[in-house]
Amino acid sequence: MVRTHSCNDLGKGNVGEEVVLMGWVLRRRDHGGVIFIDLRDRWGLTQIVFNPEVDAEAHAKAHQLRSEWVLAVRGRVAARPGDMANPKLATGEIEVMVNELRILNSSETPPFPLDEDIEISDNLRLQYRYLDLRRPEMTANMVMRHRAVQAIRTYLNDHGFLDIETPMLTRSTPEGARDYLVPSRVNAGKFYALPQSPQLFKQLLMIAGMDRYYQIVKCFRDEDLRADRQPEFTQIDMELSFVDEEQVISVTEGMVCALFRETLGLELTPPFGRMTYDEAMGRYGTDRPDTRFAMEIVDLTAIAATCGFKVFREVADGGGTVRAINAKGCGSFSRKDLDDLTSFAVQLGAKGLAWVKMKADGEWQSPIAKFFTDEERTAIAGELDAVDGDLFFFGADKPAAVCQVLSELRLELARRLGLLKKDVFNFTWVTDFPLVEYDDKEKRYQALHHPFTAPREEDVDRLESDPGSVYSRAYDLVLNGTEIGGGSIRIHQRQMQARVLQVLGIGEDEARDKFGFLLRALELGAPPHGGLAFGLDRLMMIITGSDSIRSVIAFPKTQKATCPLTDAPAPVARKQLTELYLRPDWKE
RNA sequence: GGGGUCGUAGUUCAGUUGGUUAGAAUGCCGGCCUGUCACGCCGGAUGUCGCCGGUUCGAGCCCGGUCGGCCCCGCCA
């Protein structure tokens with residue numbers, strides 16, 4: 001038997017045709033006489049009917065069919081009689097009257113139902129991922145991901161990009177995330193690292209004159225997992241020669257538009273909004289602002305500096321900052337709501353969470369109301385644009401701490417108020433990042449983006465004297481509060497790269513040792529270049545409206561970075577270790 | 001490394017103040033059923049209450065530890 005149609009193909013126009021379908025038994029409805037089976041494949045569902053008057057042999061055989069058995073059926077397409085059409089199915093107007101049944105495989109009872117919309121534990125789903133992926137929602141996610149990748153490839157191919165592969169076995173470089181290491185059998189005691197990203201190779205491809213490169217490529221970072229983070233993940237990696245920020249942004253916007261057109265059928269309207277890093281931190285307390293809702297952060301340090309509330313005044317006097325957000329209309333929050341939000345803030349490192357319920361006539365209901373004069377209250381309410389029924393929260397600490405608490409609080413409030421709409425897609429470019437930031441623990445400057453990001457030309461003079469004041473030519477694309485892509489114009493001159501590495505505490509000798517190949521390449525005619533990388537998994541998570549990156553990855557890892565299906569990672573034979581010159585010093 | 005939360009039938013869950021024989025739905029098995037589409041009706045079987053230890057006359061329930069899933073902080077240039 002040769003399959004003629006998928007389980008989503010047939011409609012009224014096919015009535016009378018003899019067809020062959022293949023697929024899995026989703027449900028059976030055995031009436032003793034007539035038997036109905038919902039046959040499922042990747043594309044959809046078709047009802048197939050076994051009627052003893054049509055074919056007694058097929059009908060007799062069909063009694064034994066069970067969930068997930070694999071079938072081939074030949075039959076005639078029939079319009080469903082009377083008002084029996086099922087409007088919930090694409091193929092609901094027809095059914096296939098089977099005259100030949102072949103059982104291609106039987107199946108044990110599946111460990112979890114595939115036809116119900118119930119939550120199954122992740123462990124079980126991942127252990128039987130091949131069953132989980134048969135569920136239509138999961139299949140749809142895989143299809144959507146495929147379409148996204150195709151749209152991206154088509155767009156980039158049409159814009160002069162070359163898809164070039166880069167090594168998976170490469171060398172470990174300092175900075176950045178923890179590497180996954182691969183021991184070398186041929187070179188005793190030496191290790192490859194799996195790439196955290198193809199960053200240096202794509203720069204070398206620009207130096208090689210490839211001009212425009214892209215790759216949809218796995219990257220590896222050995223760090224702890226989150227709902228939106230896996231140790232192996234996929235980047236849409238791209239790099240362009242002879243461009244500045246505007247050209248990278250413009251090409252990228254075109255790609256994102258093509259992507260949303262081909263996946264969700266949405267027409268986005270470039271250019272996307274832009275915001276500097278400083279503005280994002282000031283208004284939203286984070287470099288990845290969710291602009292689907294307002295509730296912006298307001299700086300009240302000036303008022304706090306002279307107020308009667310000792311906690312605020314001391315923070316303001318000590319170089320800290322006092323800021324607040326106004327949760328519009330949340331004056332009805334209960335004591336428990338406020339307690340929950342306070343412990344939420346404390347978990348993030350806040351010492352407490354001052355709140356004020358705004359009443360009629362400018363009255364404050366608040367534990368700290370007594371510390372403020374009428375004038376101060378009026379001034380604060382004015383800054384917060386507060387009216388009767390509003391609720392505001394204060395953060396008083398060092399700027400970074402206040403930003404973290406208020407930005408997370410802002411998101412938590414939005415969650416509670418249902419402001420995080422999944423069918424709204426707000427893009428924002430965040431630009432003008434600082435080049436470096438000082439790490440108090442390590443007592444040195446660290447690159448905010450990565451060490452190959454070009455400093456802004458007008459700031460270069462201060463590179464050595466005041467590194468913290470230098471801005472970079474980096475840009476991030478933020479979608480609904482998630483950083484989905486980031487990149488920069490790179491350093492393409494040997495001297496400048498050495499200077500930046502120096503600022504990062506990497507001297508000439510160490511630089512030559514670790515990045516010598518790049519520095520050498522920069523001496524041999526490196527063109528100006530820049531690019532960016534997208535997190536494909538996170539992008540798909542947003543496009544599909546998923547709560548976890550695992551929903552858009554066929555075979556993801558658990559939070560402990562294991563795979564319940566293959567049971568990886570697993571021990572290996574001692575011989576394998578000795579071949580690799582590895583000597584375990586743990587007890588077996 | 002730390003915090004939170006969950007773990008009971010194949011699955012999703014309930015299980016009172018610690019009390020005698022641990023339930024429901026669904027699934028599964030058997031029977032009946034020729035127009036269902038989450039088919040229906042009748043009957044039946046199904047438990048290492050994650051694991052180890054402790055308290056107690058008695059533990060699914062209380063305590064300690066441990067393993068695992070998920071969420072978060074740290075970490076993720």
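Hydrogens, waters and symmetry mates play no part in the numbers below; they use all other heavy atoms, side chains included. Order of the sequence lines fixes the chain letters, A, B, ..., with proteins taken first and strands second; residue numbering starts at 1 for each chain.
B:C37: no Watson-Crick or G-U partner with both key distances under 3.5 Å is found in any strand. Using the Watson-Crick or G-U wobble rule with both distances under 3.5 Å, B:U11 pairs with B:A25. In this structure, B:U17 forms no base pair with any nucleotide, since neither Watson-Crick nor G-U wobble geometry is met with both distances under 3.5 Å. Remark: B:C76 base-pairs with no nucleotide in the shown strands. Criterion, Watson-Crick or G-U wobble with two distances under 3.5 Å.
Dashed line: the shortest gap from a side-chain N or O of A:Gln404 to OP1 or OP2 of B:G74 is under 4.0 Å. The phosphate of B:C67 has neither OP1 nor OP2 within less than 4.0 Å of any side-chain N or O from A:Lys560. Under 4.0 angstrom from either OP1 or OP2 of B:C71 there lies at least one side-chain N or O belonging to A:Arg550. The side chain of A:Thr562 contributes an N or O atom lying less than 4.0 Å from OP1 or OP2 of B:G69. Side-chain nitrogen and oxygen atoms of A:Gln559 include at least one within less than 4.0 Å of the OP1 or OP2 phosphate oxygen of B:C71. Between A:Thr558 and B:G69, a side-chain N or O to OP1/OP2 separation shorter than 4.0 Å is present.
For A:Asp30 and B:C29, the CG to C1' distance is 14 Å, given to the nearest whole Å. When the P atom of B:U12 is taken as reference, atom CZ of A:Arg135 falls 11 Å away, rounded to whole Å. Between A:Asp224 atom CG and B:C76 atom P the separation is 11 Å, expressed in whole Å. Residue A:Ile120 contributes atom CD1, which lies 11 Å from atom C1' of B:G27 at whole-angstrom precision. Nucleotide B:G50 holds its P atom 18 Å from the CD atom of A:Gln127, rounded to whole Å. In this structure, CG of A:Leu131 is placed 17 Å from P of B:G10, rounded to the nearest angstrom. Look at NE2 on A:His63: it is 14 Å from C1' on B:G30, rounded to the nearest Å. To the nearest angstrom, P of B:U34 lies 19 Å from CD1 of A:Ile48.
At a threshold of 4.0 angstrom between heavy atoms, the contacts of A:Pro564 with the nucleic acid are absent. The residue A:Gln446 sits apart from the nucleic acid: no heavy atom pair falls under 4.0 Å. Within the 4.0 angstrom heavy-atom criterion, no nucleotide atom of any strand lies near A:Leu89. Base contact: A:Gln47 has a heavy atom under 4.0 Å from a base atom. Counting non-hydrogen atoms under 4.0 angstrom, A:Asp115 reaches nothing in the nucleic acid. Across all strands shown, A:Leu504 has no heavy atoms under 4.0 Å from either base or sugar-phosphate atoms. Note on A:Pro451: a base of the nucleic acid sits closer than 4.0 angstrom, heavy atoms only. No contact: A:Asp222 has no heavy atom under 4.0 Å from any strand. Within 4.0 Å (heavy atoms only), A:Asp122 reaches sugar-phosphate atoms of the nucleic acid but no base atom. Residue-level contact check: A:Arg125 touches neither bases nor backbone, having no heavy atom under 4.0 Å from any strand. Residue A:Thr173 is out of contact with every strand shown, counting any heavy-atom pair closer than 4.0 Å. Among the protein residues, A:Glu53 comes within range of the nucleic acid bases, having at least one heavy atom under 4.0 Å from a base atom.
Per the stacking criterion (ring centres < 5.5 Å, plane angle < 30°), A:His31 does not stack onto the base of B:U36. The side-chain ring of A:Phe112 is not stacked on the base of B:U11, judged by centre separation under 5.5 angstrom and plane angle under 30 degrees.
On a pure distance criterion of 3.5 Å, a polar donor-acceptor pair joins the side chain of A:Glu95 and the base of B:G35. For B:C37, the base has no donor-acceptor partner in the side chain of A:Asp38 [N/O atoms by modelled type, under 3.5 angstrom]. Applying the 3.5 Å distance criterion, the base of B:C75 shares a donor-acceptor pair with the side chain of A:Arg229. A donor and an acceptor atom sit less than 3.5 Å apart, one in the side chain of A:Arg80 and one in the base of B:C37. The base of B:G74 lies close enough to the side chain of A:Arg226 for a donor and an acceptor atom to sit less than 3.5 Å apart.
When the P atom is used for both B:C49 and B:G4, the distance is 27 Å, rounded to whole Å. Spacing of C1' atoms, B:G50 relative to B:G7, comes out at 6 Å, to the nearest Å. Spacing between B:U21 and B:C39 at atom P, rounded to whole Å, works out to 39 Å. Going from the P atom of B:U20 to that of B:G60 covers 10 Å, rounded to whole Å. Nucleotides B:C70 and B:U12 are separated by 14 Å at their P atoms, to the nearest Å. One C1' atom belongs to B:C6, the other to B:C51, and the distance between them is 16 Å to the nearest Å. Nucleotides B:A22 and B:U48 have their C1' atoms positioned 14 Å apart, rounded to a whole Å. When the C1' atom is used for both B:C29 and B:U46, the distance is 10 Å, rounded to whole Å.
Between B:G27, B:G69, B:G35, one nucleotide has an atom nearer to the side chain of A:Asn123 than all others, and that is B:G69. Of all nucleotides listed (B:G69, B:C71, B:U36), B:U36 comes nearest to the side chain of A:Met84. Of the candidates B:G10, B:G35, B:U36, B:U36 carries the atom nearest the A:Arg29 side chain, counting heavy atoms from C-beta on. The listed nucleotides are B:G35, B:C72, B:C28; the one nearest the side chain of A:Ser67 is B:C28. The side chain of A:Val34 lies closest to B:G35 when the candidates are B:G35, B:C73, B:C76. For A:Asn86, the listed nucleotide lying nearest its side chain is B:C37; candidates were B:C37, B:G27, B:C76.
When only modelled atom types and interatomic distance are considered, A:Asn141 and A:Ser551 share no side-chain donor-acceptor pair under 3.5 Å. Of the N and O atoms on the side chains of A:Thr431 and A:Glu245, not one donor lies less than 3.5 Å from an acceptor on the other residue. Side-chain contact of A:Asp237 with A:Tyr213: a donor-acceptor pair under 3.5 Å is present, judged by distance alone. Using a 3.5 Å distance cut-off with no hydrogens or angles, the side chains of A:Thr453 and A:Ser488 do pair a donor with an acceptor. Under the 3.5 Å distance criterion, with hydrogens and angles disregarded, a donor-acceptor pair is assigned to the side chains of A:Ser469 and A:Arg462. Side-chain N/O atoms of A:Gln47 and A:Asn86 include no donor and acceptor closer than 3.5 Å. A donor-acceptor pair shorter than 3.5 Å cannot be found between the side chains of A:Asp339 and A:Thr342.
Nearest-nucleotide positions on RNA chain B for A:Arg27 and A:Pro110 put A:Pro110 closer to the 5' end. Of the residues near RNA chain B, A:Pro113 and A:Arg66, the one whose nearest nucleotide (by heavy atom distance) lies more toward the 5' end is A:Pro113.
If you look at A:His63 and A:Phe50, their ring centroids are not closer than 6.0 Å.
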Does the pair A:Glu57 and A:Lys61 meet the rule for a salt bridge (Lys or Arg N to Asp or Glu O under 4.0 Å), with working shown?
CA-CA 6 Å; A:Glu57 190 190 337; A:Lys61 217 165 154 189; 5.4 Å; no
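The main-chain N or O of A:Leu522 is never found under 3.5 Å from a side-chain atom of A:Gln203 such that the two would form a donor-acceptor pair.
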